[in-house]
Each structure stands twice: as C-alpha cells, then as structure tokens.
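Scroll down for the structure; my scribbles are underneath it.
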Amino acid sequence: MQGRVLTKILGCFWLVCSGLSYSGNAEQGAKVFQACQSCHAIGAGADHLVGPHLNNLFGRVAGSLDNFNYSAGLRAAGANGMSWDAEHLDAYIENPIALVRETSMRFAGLASAEDRNNLIAFLRANSVGPSDIPESLPTSIPRDPDVDPQILAITGDPEYGEYLASECMTCHQSDGADRGIPSIVGWPTKQFVIVMHAYKSTARPNPVMQMIAANLADEDIAALAAYFEKQQ
Amino acid sequence: MDRRSFLKGTAAGVALASSAPAVVGSAKPRVVVIGGGAGGATAARYLAKDSKGALDVVLIEPTRTYYTCFFSNLYIGGYRDFASIGHTYGKLASDYGIAVVHDWATGIDRDKKTVALASGTQIGYDRVIVAPGIDFKYETTPGYSAEASGKMPHAWKGGSQTQLLKAQLEAMRPGGTFVMLAPPNPYRCPPGPYERVAMAAHLLSQKNPTAKIIVLDPKEKFSKQGLFQEGWTKYYGDMVEWIPASMYGAIKAINADTMTIETELDTFKADVANVIPGQRAGHIASSAGLTNASGFCPIVPASMQSQMDPNVYVLGDSTIAGDMPKSGYSANSQAKVAAMVVRAELTGSRAFPAKFSNTCWSLVATDDGVKVGAGYEATAEKIASTGGFISKNGESAELRKQTYEESIGWYNGITSDMFG
C-alpha cells in the first residue's frame with residue numbers, strides 16, 4: 001500500500017522533472033534513512049534535532065533555515081549558491097567533508113551508490129510539500145517513544161553528568177569520531193533524553209545501550225544530557 | 001623518604017633521585033599508579049584530567065609501547081597489524097602532565113607510603129592505585145615455566161608473546177597440530193581463548209587448511225560457548241576439536257622440548273602449543289600483601305579501595321570484582337570509579353555513586369562479531385550484576401557485521417580513553 005503511494009508520488013516527479021532520471025526506491029530509502037534519524041527528522045511535524053529537519057530539502061539553499069545553527073561550512077556553501085539537488089546530495093551523502101570541508105555533520109559517508117539513490121528518492125518524496133505527502137508515509141520509519149514531559153523537564157546536573165559520561169567514553173569518542181559507534185557529543189538535551197529512554201524501554205535494539213540505560217535513573221540521563229550538550 | 005624527595009621533571013619526563021638530598025617538590029597530593037594498562041592508564045588520565053593540576057599523578061609502567069591484549073587475537077587472525085594494537089604514553093605526559101616513569105615497581109611499603117622501583121628510586125604517595133594485571137600460577141601447568149614460554153607461548157600478555165605465537169602458526173608444517181591448553185577459572189578475558197581458536201582457525205584455513213586445532217580445557221563450559229562452537233563448525237568445519245578435562249582427565253606433564261602435553265587420556269604432540277596457565281594477581285599485589293588466599297585482591301565494591309589498606313586502590317584483573325569478569329573494559333570501568341573516589345578524598349571534589357559496566361566483543365570469522373555484557377552495582381558484599389545480554393546463535397550476517405564494526409568503535413574509544 002505504502003509502496004504504491006510512493007510509486008505514485010515518484011511517478012509525478014518523473015513527469016514533472018522529465019529529463020532527469022531518478023532510479024532510487026523511496027521505500028528502500030526510508031530504511032536507509034534509519035542511519036540518519038538519530039540526528040535528522042523528516043515527515044509531518046518534523047523539527048530540528050542534532051541536524052536540521054529534512055522536509056522540502058530539494059531546492060533548499062544549503063545552510064539556509066533560519067532557526068538552525070549551521071556550521072560555518074554549510075552557511076558558506078549556501079552563500080556561494082549551493083542548493084540541494086540530487087547531484088549535491090549524492091556527493092554529500094557519499095562523503096560529507098569531501099563536499100563541505102567544514103561541515104559539522106559527523107557521518108562517515110554512505111559508500112553504496114544504490115543506498116544513496118534510494119535515500120535521495122526518499123528525500124525527494126518528502127520534498128513535495130507537507131500537504132502533498134500522506135501523513136502515513138513517515139511512519140515507515142521507527143520512531144522513539146514519547147517521554148513523559150516531567151522527565152523531559154528534569155534539569156540535569158552537568159558535574160554529575162561529567163562523571164557518568166566517563167562510562168560512555170569507553171566506547172564513544174570525545175572528539176566525535178564515529179566509526180562503528182556513533183558520536184554523542186553536542187546533542188540537544190531533549191533528543192539525548194528521548195534516545196536514552198528509548199534504550200531504557202528497549203524500544204531501541206542495541207543490547208549494550210539497553211544495558212547502560214537500564215542502570216541510569218531519570219536524573220542520571222538528564223545529567224548526561226546536560227553534560228554532552230556542552231561538548232563539541 | 002617522603003613524597004617531597006621525589007623530583008618531578010618536565011611534563012615530558014621525570015627525573016628521579018634516590019640518594020640525592022631531599023628537594024622540596026610540589027605540595028600537591030600525589031597519586032602513584034602502578035601499571036599502564038586498561039585500569040592504570042585510565043585511572044591516571046582521569047585523575048590528571050579531572051583534577052586540573054590539583055594532583056601529582058605518577059604512572060609507573062615498564063614498557064614504552066603497550067600492546068593491548070584485547071584485539072591481539074585479531075592480529076593473530078590477520079585482521080590487524082601489530083602496530084595497530086600498540087600504544088605509547090606520550091600524550092599522557094604532554095597533554096595531561098602525568099609523570100610517566102618507565103620502570104618496574106618492585107615493592108610497596110604501605111607503612112611509609114612509598115613505592116620502590118627497580119632502579120632503586122622510592123616514590124612517596126598519598127594514594128597508590130595498583131593495576132598490575134595478572135601473573136601465572138605455573139603449578140596449574142606442570143612442567144611449564146616462564147622459560148618454556150619461549151617455545152610454547154602463553155601469549156596471554158600482549159607483546160612479543162603474541163608475535164611469537166602468530167609466527168609459529170604461520171610457520172607450522174602443512175597438516176600440523178596446534179594445541180591450546182586453556183586456563184582454569186578465574187582468568188583474564190573469559191572469551192579470549194575461544195576467540196583465539198577462531199582466529200587461529202581463520203589463519204590456518206587460508207594457509208594450512210589441513211591443520212588441526214585441539215583445545216584442552218580444564219573447564220567443562222566456557223564463555224559464549226554456543227556462539228563459538230557454532231562459529232567454529234560453520235566456518236572451519238572439523239578443524240577444531242574441544243576436549244574438556246572430564247575427557248582428558250588431568251594434565252600430567254608439559255614438555256617444551258618434545259612439544260608434548262601429557263594427560264591421563266593421551267599424550268598430545270603439538271607442532272605449535274599455546275599454554276595458558278592459571279592466573280593470580282600481578283606479583284606486586286601479593287608482595288604488598290593486598291591479595292587473599294585466592295591470589296587476587298579483595299576490594300570495597302563502591303570504590304575499588306583495597307580491603308587491606310585504605311590508602312591503596314586496586315583495579316582490573318588483579319581484583320576480586322564480584323560478578324565483573326577480568327577484562328580491559330571492566331578495568332577501564334573500575335578505573336573511573338577509583339579515580340572519582342581518590343580525587344574526592346584528596347581534593348574535596350564531589351563523590352558520586354559507583355557505576356560499572358562491561359562488554360566483551362569477540363570475532364568468530366570475517367565480519368562475524370559476537371558480544372556479551374552486563375551492568376553492575378556495588379552492594380555491601382560485592383560488585384553485583386544488574387542484568388546482562390549475549391549475542392544469539394543464528395543472528396543475521398548484517399547484525400554480526402554491525403557487532404564487529406561496533407567492536408572496532410569500542411577499540412578506538414577505549415584506547416583513546418586510556419592513552420588520550
């Protein structure tokens with residue numbers, strides 16, 4: 001059902017954008033997007049997380065959304081006229097720092113051309129404008145469960161967080177390197193808390209993180225979030 | 001001698017004098033850390049980093065390049081080169097101001113609060129953190145000795161022993177037999193012997209496919225047994241034969257000259273032999289009176305403080321850490337607790353409840369990683385597990401590859417956490 005809807009949307013694009021060939025499969029791209037969703041939201045109601053939301057990305061001037069704190073590199077690229085089309089997205093997703101050297105997107109790159117094609121198709125499917133996108137589409141991406149607002153409202157103790165963070169640094173690197181294990185520095189506190197509670201509730205699957213989160217109280221998670229938000 | 005007689009040199013090194021007149025040194029409290037592995041290096045780094053110059057931190061480690069035991073099996077399997085598991089102490093000195101002393105600690109005088117070095121120097125301390133790793137109980141391997149390890153490597157401490165074992169495996173005659181004598185409990189890195197079997201099998205299946213691997217095991221079961229046995233068969237067919245003590249009886253004699261391991265069942269003739277003896281705390285821990293009858297060091301679960309002396313902390317493989325296994329990850333986890341407590345005691349910084357965790361990743365074959373882990377809490381009696389996990393048999397290739405990739409991320413993370 002979803003596949004058919006997507007095919008329809010993509011079909012419209014092919015008609016509109018005749019001359020350009022998009023071979024990607026947006027449904028497959030939604031799966032590829034799982035690697036992006038720690039930092040980027042997409043679909044109805046999407047807001048900025050660690051990275052900017054990716055609705056209506058096609059045609060967006062790089063680094064141009066008002067209420068997101070972009071790296072100097074992306075702002076400069078936008079000022080120099082770069083906007084997001086399939087070609088630029090393909091290069092950026094393959095190797096972010098090769099296209100924008102001073103980007104703060106800590107993603108090693110996606111080597112598979114097929115995955116990139118599918119991902120770009122998915123991003124295009126979310127660029128039609130919210131009114132044209134059925135609300136059911138983004139639900140193909142697993143979402144973190146909602147966290148009780150009272151838990152989100154806890155003010156973390158960053159000094160305690162610094163001690164607790166030492167446990168994280170056994171695996172996660174303080175300089176943001178992310179080979180095999182993602183970077184956790186510089187995350188907005190809300191996103192950090194939501195993700196840790198998703199591990200605690202086992203909504204997120206990694207057993208190492210479930211084990212770590214299981215031993216963290218709500219105050220501990222708030223403290224960690226307060227500490228890591230300030231790390232670069 | 002007191003700590004004032006210890007001459008601290010530049011950040012890049014340290015001048016030590018044992019007979020020179022006492023010189024007024026820094027009035028800062030001093031923490032001496034013995035051993036620069038996953039426990040000691042981590043503790044030194046966190047003490048120096050978090051105290052921001054309020055503590056004198058001295059790290060005593062004999063080797064200038066530390067080869068990690070963890071991932072040394074991947075070197076044997078051909079997945080890592082030797083240099084990639086070697087680490088130096090330069091950043092701990094230059095970036096954190098730690099006085100790194102490359103010498104052997106030969107004794108601790110707990111009354112005078114001094115550590116003696118092989119060079120004759122005495123270093124005073126306010127707190128000493130003892131993290132010497134393991135030594136061997138050769139009585140568990142009759143006929144085997146430090147000397148015999150030149151022919152039958154234990155390869156259970158990273159470095160030249162690891163290189164020797166790999167070279168022997170590579171040079172083994174076609175169709176030869178590699179015999180491993182696995183260690184009895186408790187020992188460093190519970191899944192390690194069995195990951196090593198997988199890595200040796202990987203190496204041999206490429207270069208010497210008719211070779212055989214025999215594992216003699218004093219234990220009837222072992223860590224990640226189902227996962228390893230599944231992987232051995234899946235990837236290496238019938239190359240690996242695991243024989244527990246209930247089948248071979250007891251080890252009667254090990255002879256490095258004839259390359260034989262005699263048991264009650266049979267005499268096993270090896271082309272390459274890896275003999276891993278039973279283990280106890282590093283020698284300095286027992287000589288300092290920090291061990292009990294088990295050969296390991298009892299600690300206070302909430303702090304890693306020695307039960308024998310409140311000015312002494314013990315980390316890692318030397319300790320009796322309750323439910324925590326002896327692993328680099330465990331030692332690194334314990335080090336942060338001890339560093340936090342010691343810093344609080346000496347500088348008045350805030351103390352927090354202890355948090356411990358451990359995960360052990362193992363590689364079974366190319367892109368096939370497995371893991372086991374648990375979280376822990378300090379109870380009055382011991383460091384107690386709060387729950388754990390283990391990889392499952394028959395997981396997808398994609399998940400196993402992710403697990404392997406994760407292990408590489410962990411290696412990079414923990415070595416940065418140890419060495420800066």
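For clarity, every value in this text was computed on a predicted model and none was experimentally measured. Scope of the values below: all heavy atoms of this structure, side chains included, with no hydrogens, waters or symmetry mates. Proteins come first, then strands; the chains are lettered A, B, ... in the order of their sequence lines, and each starts at number 1.
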Original post:
For Asp178(A), is it the side chain, the backbone, both or neither that has a heavy atom under 4.5 Å from a heavy atom of chain B?
Top reply: neither
Original post:
Using non-hydrogen atoms only, which part of Leu164(A) is less than 4.5 Å away from chain B: side chain, backbone, both, or neither?
Top reply: side chain
Euclidean distance, [Y] [atom2] relative to [X] [atom1], rounded to 0.5 Å:
| X | Y | atom1 | atom2 | answer |
| --- | --- | --- | --- | --- |
| Tyr46(B) | Met169(A) | OH | CE | 6.5 Å |
| Asn206(A) | Phe389(B) | CG | CZ | 7.5 Å |
| Asp50(B) | Glu159(A) | CG | CD | 10.0 Å |
| Met340(B) | Glu162(A) | CE | CD | 12.5 Å |
| Thr170(A) | Asp417(B) | OG1 | CG | 5.5 Å |

Original post:
If only atom types and distance count, is the side chain of Lys355(B) paired as donor or acceptor with the main-chain N or O of Asn215(A) below 3.5 Å?
Top reply: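 Such a contact is found between Lys355(B) side chain and Asn215(A) backbone.
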Indicate the atoms forming the closest heavy-atom contact of [X] with [Y], along with that distance.
| X | Y | answer |
| --- | --- | --- |
| Trp410(B) | Cys171(A) | CD1-SG, 3.4 Å |
| Ile408(B) | Arg179(A) | CD1-NH2, 3.5 Å |
| Gln173(A) | Ser416(B) | OE1-OG, 2.9 Å |

[X] portion near chain A, given a 4.5 angstrom heavy-atom threshold:
| X | result |
| --- | --- |
| Ala374(B) | backbone |
| Asn412(B) | both |
| Tyr411(B) | neither |

If you count the non-hydrogen atoms of other residues, nucleotides and ligands that lie under 6.0 Å from [atom1] in [X], is the total more than 12?
| X | atom1 | value |
| --- | --- | --- |
| Asn69(A) | CG | no |
| Lys49(B) | NZ | yes |
| Gln225(B) | CD | yes |
| Ile97(A) | CD1 | no |
| Asp146(A) | CG | no |

**OP:** For residues Val337(B) and Tyr163(A), determine if any side-chain heavy atom of one lies less than 4.5 Å from a side-chain heavy atom of the other.
**Re:**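 Yes, side chains in contact.
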**OP:** Compute whether any side-chain donor of one residue and acceptor of the other, for Ser357(B) and Glu167(A), lie under 3.5 angstrom apart.
**Re:**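 Yes, side-chain donor-acceptor contact under 3.5 Å.
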Original post:
Do you know which of Asp220(A), Ile212(A), Ile181(A) has the most heavy-atom pairs with chain B at a distance under 4.5 angstrom?
Top reply: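 Max contact count across the listed options: Ile181(A).
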